[in-house]
Asker: 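The structure is given below, and queries will be raised subsequently.
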Amino acid sequence: MDILATLNPAQRQAVETVEGPLLILAGPGSGKTRVIAHRIAYLIKVCGVSPSHIMAVTFTNKAARAMTERLEQLLGQAVEALTSGTFHAICARVLRREGKAAGLDSSFVIYDDEDQLNVIKQTLQELNLDPKQYAPRALQSAISAAKSRLISPKDYVRGVDSYFEEIVHRVYQRYQQLLSQGQAVDFDDLLMKAVQLFQDHPEVLSKYQSRYVHVLVDEFQDTNIVQYSLMKQLAGKYHNICVVGDPDQSIYSWRFADLRNILSFEKDYPDVKVVLLEQNYRSTKTILETASDIISANTRRKPKNLWTENETGSKVSIIESYNEEEEAQFVVNKIEGLISQEQMSLRDCAVMYRVNAQSRALEESFIRYGVPYKLVGGTRFYQRREVKDVIAYLRLIHNPQDNVSLPRIINIPKRGIGQTTLSQLQTWARTYDIPLYDALKQAVEGNVLSPRVTQTLAGFTVLVDRLISQSHALPLSGLLDEILEHTGYGKYILEGEQGEERWENIMELKNVAREYDGLNPEEALADFLEKVSLVADVDELEEKADAVTLITLHQSKGLEFPVVFIAGLEEGILPHRRSFGDPGEMEEERRLCYVGVTRAQKQVYLLRSYRRNLFGAGSANPPSRFLQDISPHLISTKGLWEEKAAPLAEVYGQPLTYPLSTLELKVGDYVRHSKFGDGIVTNCLAGRGDHEITVAFEEAGVKKLLLSLAPLEKIERDYDFPP
DNA sequence: CGAAAGGCTCTTTTT
DNA sequence: GAGCCTTTCG
């Protein structure tokens with residue numbers, strides 16, 4: 001098969017330019033993945049480059065897999081020697097192999113978000129700082145920001161410019177000590193330590209530089225400064241560096257992705273060639289135009305000229321609903337219609353939203369109507385309490401110095417080791433600057449605690465030590481069984497709330513573990529722990545199952561669906577209210593919307609709800625400003641904008657009305673509520689089919705009520721409230 | 001030590 | 001609403 005035959009001229013240029021730095025600016029649906037796969041195939045087949053000399057970095061493991069599959073299809077054979085994966089996965093591999101040079105044991109564990117937060121809380125405690133005053137989250141973010149810019153605790157102190165930064169410095173310093181003492185790294189460390197390793201050990205770097213003759217980086221717009229440095233280091237010898245990205249799809253600046261990397265790239269490699277991929281193969285003309293309308297309102301961007309030979313297609317629907325339930329109901333009804341009337345299948349449809357909390361109403365509706373769906377994200381599998389507990393046991397066995405895993409499970413199930421004892425042990429550990437587990441053992445041996453506590457602790461160490469020795473002999477799934485049985489954890493879960501569901505999750509984890517049973521036990525455990533640390537939700541997304549996909553806009557990047565629903569196009573949701581004060585963030589919200597729309601091949605439904613309950617509190621949000629930027633000729637539904645909403649029957653295709661109370665109320669009227677007593681109406685908010693009224697009750701205070709639901713009657717009073 | 005209750009805050013996105 | 005934390009009581 002001719003690798004170049006099916007490519008358009010721009011794509012072909014991107015594939016054939018194999019020497020020197022190359023920047024590919026690829027619009028959505030422009031065949032980016034295809035170009036990458038073809039480029040690698042071209043390198044291997046036409047240029048005779050060995051796959052082992054190529055590194056391809058992707059944003060998710062799933063993208064890496066997709067790319068490899070495509071490549072193998074093209075070549076008609078497996079390509080095992082190719083290095084591919086996320087920056088994090090690749091760095092983890094490098095550090096396992098070379099970490100010794102940087103003082104990192106090869107059995108290091110990788111801490112996730114929650115683990116990090118635990119370490120920070122512990123640090124605050126040690127430093128006598130009040131977590132209310134210094135939010136652990138904020139500190140975590142500050143530390144991550146520093147690491148993303150390659151700033152070590154030592155470097156950080158030089159830039160300290162405020163009291164908060166002073167605190168950050170102190171926390172950062174101790175945090176890092178605790179991590180290295182426990183032979184642990186966090187996500188940012190994976191990248192930063194790799195860069196430092198290469199910096200400090202030129203001989204190691206040179207080995208990798210010689211190996212990787214060609215380096216490719218996908219989703220370049222979402223790389224941060226560390227990743228950029230790493231990429232530059234690796235490509236330092238041959239300069240055959242190809243980066244692919246789309247500034248308009250940059251949606252991870254909150255994770256310190258830095259769009260300036262694109263500018264730096266052009267500056268650092270003056271001989272760079274730039275290829276624009278502007279022909280879209282994914283979407284209809286209407287969808288592409290809609291997307292362009294939305295993104296064009298961003299001022300800090302380079303205009304692009306996206307075009308497509310695809311058909312015009314149907315118009316984009318803007319659907320207004322009364323509340324999120326109605327919104328969800330519309331989605332489900334519509335999908336049922338698409339399936340019965342337009343030969344769509346469930347897997348063709350995706351519902352996207354800004355925040356995970358929005359999935360709830362949607363899920364309820366899907367369940368009620370019995371429509372299969374798959375939820376990406378939410379409470380993620382590897383974040384579930386029971387899964388993390390079991391992993392914590394495994395981590396502790398693998399690395400008893402793990403200062404986060406030990407406190408996590410030391411008293412789960414309950415074995416009489418409470419907060420008091422734990423604190424004592426932690427103080428001990430800090431005093432002698434030793435890992436917690438060592439402190440525990442010393443405390444037992446030295447007999448410094450009460451006999452009862454000592455005995456309990458001794459029992460625990462025997463348990464752990466036995467598991468450790470078993471871990472050298474048993475296959476991984478067998479080790480897992482041992483843990484469940486001998487720690488009592490299995491029983492504890494089964495007898496607890498939602499026991500069966502939680503047990504199922506553990507069995508699911510065991511299924512994953514079983515895949516490692518063939519390896520030697522040490523390696524199996526290490527590989528398994530690494531795998532569970534570095535999986536993303538999208539990685540697990542099953543394409544085969546016929547079900548509707550529920551997914552956040554962020555996670556939808558890189559995917560495509562014939563039909564896309566975007567829920568919650570309201571001020572405060574999309575754009576999110578946190579972006580209101582910052583034009584830069586607002587532009588990112590817009591890009592997020594753009595990413596969502598450009599996922600669609602055939603049809604787009606933009607949903608907007610008049611009322612929305614999110615996080616317990618209800619609110620009435622105006623329609624999203626992004627809707628305003630879409631040219632009227634692209635939209636099918638008219639009039640929504642001018643408050644005279646389309647009647648429900650029209651939206652649903654079937655009559656559906658809200659019970660409109662016959663009670664006529666206006667501001668100043670007195671009412672009696674069966675529970676709250678008497679009060680006065682202070683505000684009326686008219687909705688479609690219902691009214692939200694605000695009542696100041698004499699006793700119960702100010703309440704917001706829905707007229708249709710509230711047990712209210714109008715009363716006559718000729719006097720004012722008592723003073 | 002542990003269970004239960006109450007209060008509090010925080011609600012974005014995730015490798 | 002939920003999850004986290006603190007307080008209280010047995």
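Numbered from 1 within each chain, the chains take letters A, B, ... in sequence-line order. In this text the structure is predicted, and so the values were computed from the model without any measurement.
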Asker: What is the separation between atom OH on A:Y353 and atom C1' on B:dT13, rounded to the nearest whole Å?
Answerer: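 Atom-to-atom, A:Y353 to B:dT13, this comes out as 12 Å.
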Asker: Please work out if A:H88 contacts a base, only the sugar-phosphate, or nothing of the nucleic acid, heavy-atom cut-off 4.0 Å.
Answerer: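 Result for A:H88 = base.
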Asker: Measuring to OP1 and OP2 of B:dT13, would you say a side-chain N or O of A:Q555 lies under 4.0 angstrom away?
Answerer: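 For B:dT13, OP1/OP2 do not have a side-chain N/O of A:Q555 under 4.0 Å.
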Asker: Please identify each residue that fulfils side-chain hydrogen bond (donor to acceptor under 3.5 Å, both in side chains) with A:R255, with sequence neighbours left out.
Answerer: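 A:R255 satisfies side-chain hydrogen bond (donor to acceptor under 3.5 Å, both in side chains) with no residue once adjacent residues are dropped.
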Asker: In whole Å, what is the span from the CG atom of A:N224 to the P atom of B:dT14?
Answerer: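 Those two atoms, CG and P, are 17 Å apart.
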Asker: With a 4.0 Å cut-off on N to O distance, would you call A:R301 and A:E587 a salt bridge?
Answerer: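 Looking at A:R301 and A:E587, the cut-off is not met.
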Asker: Atom CD1 of A:I120 to atom P of C:dC5: distance rounded to whole Å?
Answerer: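 Value for this atom pair: 13 Å.
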Asker: Ignoring the backbone of A:H554, work out which of C:dC4, B:dT15, B:dT13 is nearest its side chain.
Answerer: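 Out of C:dC4, B:dT15, B:dT13, the nucleotide with an atom closest to A:H554's side chain is B:dT13.
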Asker: Using the aromatic ring of A:F87 (for Trp, its six-membered ring), decide whether it stacks on the base of B:dT15 within the limits of 5.5 Å and 30°.
Answerer: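 One would not call A:F87 stacked on the B:dT15 base.
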Asker: Choose from B:dT11, B:dT15, B:dT13 the nucleotide whose nearest atom is closest to any side-chain atom of A:R578.
Answerer: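 Of all the options, the side chain of A:R578 is nearest to B:dT11.
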Asker: In dot-bracket form, how is DNA chain B paired, counting a Watson-Crick or G-U wobble pair only if both its distances are under 3.5 Å and using | for bases paired to another strand?
Answerer: ||||||||||.....
Asker: Would you mind reading off the distance between A:D218 atom CG and B:dT15 atom C1', rounded to a whole angstrom?
Answerer: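 It works out to 14 Å between those atoms.
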Asker: When you check the side-chain N and O atoms of A:E219 and A:Q221, is any donor under 3.5 Å from an acceptor?
Answerer: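 Yes, a side-chain donor-acceptor pair sits under 3.5 Å.
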Asker: Does B:dT14 have OP1 or OP2 sitting under 4.0 Å from an N or O in the side chain of A:K557?
Answerer: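 No, outside the criterion.
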Asker: Could you note down all residue pairs passing salt bridge (charged side-chain N to carboxylate O under 4.0 Å, His left out) where residues 182-198 of chain A supplies at least one of them, sequence neighbours left out?
Answerer: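 Pairs touching residues 182-198 of chain A that pass the test: A:K147-A:D186, A:K147-A:D189.
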Asker: Give a yes/no on whether any side-chain N or O of A:N356 is located under 4.0 angstrom from OP1 or OP2 of B:dT14.
Answerer: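 For B:dT14, OP1 or OP2 has a side-chain N or O of A:N356 closer than 4.0 Å.
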Asker: Are A:K388 and A:D112 close enough, and set up right, to give a side chain to side chain contact (heavy atoms under 4.5 Å, CB included), and what steps lead you there?
Answerer: CA-CA 10 Å; A:K388 281 212 75 174; A:D112 72 4; 2.9 Å; yes
Asker: Decide whether A:D246 and A:Q249 meet the rule of one side-chain donor and one side-chain acceptor closer than 3.5 Å.
Answerer: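 Judged by distance alone, the side chains do pair up.
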Asker: Treat primed atoms plus P, OP1 and OP2 as sugar-phosphate and everything else as base, then score nucleotides 1-8 of chain B 5' to 3': B for base contact with protein heavy atoms under 4.0 Å, S for sugar-phosphate contact only, - for none.
Answerer: SSS-----
Asker: Let me know the distance between CD1 of A:I573 and P of B:dT11, rounded to the nearest Å.
Answerer: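 Those two atoms, CD1 and P, are 15 Å apart.
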Asker: Please confirm whether the backbone N or O of A:R149 pairs with a side-chain atom of A:D258, one donor and one acceptor, at under 3.5 Å?
Answerer: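 Absent.
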Asker: Taking only the side-chain heavy atoms of A:R255 (C-beta and beyond), determine which of B:dT15, B:dT11, B:dT13 contains the nearest atom.
Answerer: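 Output: B:dT15.
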Asker: Could you tell me whether A:Y172 and A:Y175 have their ring centroids closer than 6.0 angstrom?
Answerer: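 Centroid distance A:Y172-A:Y175: not below 6.0 Å, so no.
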Asker: B:dT15 P sits how many Å from A:I90 CD1, rounded?
Answerer: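 Those two atoms, CD1 and P, are 16 Å apart.
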Asker: Can you sort out the partners of A:E588 under side-chain hydrogen bond (donor to acceptor under 3.5 Å, both in side chains), two or more places apart, ordered by chain and number?
Answerer: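 Per chain and number, A:E588 pairs via side-chain hydrogen bond (donor to acceptor under 3.5 Å, both in side chains) with A:S253, A:R591.
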Asker: Rounding to an integer number of Å, can you tell me how far A:N118 CG sits from C:dC4 P?
Answerer: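 From A:N118 CG to C:dC4 P: 10 Å.
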Asker: Provide, to the nearest angstrom, the distance between the CG atom belonging to A:D130 and the P atom belonging to C:dC5.
Answerer: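 Result: 12 Å.
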Asker: Check side-chain hydrogen bond (donor to acceptor under 3.5 Å, both in side chains) between A:Y252 and all other residues, then give those that pass, not counting sequence neighbours.
Answerer: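 In terms of side-chain hydrogen bond (donor to acceptor under 3.5 Å, both in side chains), with neighbours along the sequence ignored, A:Y252 is linked to no residue.
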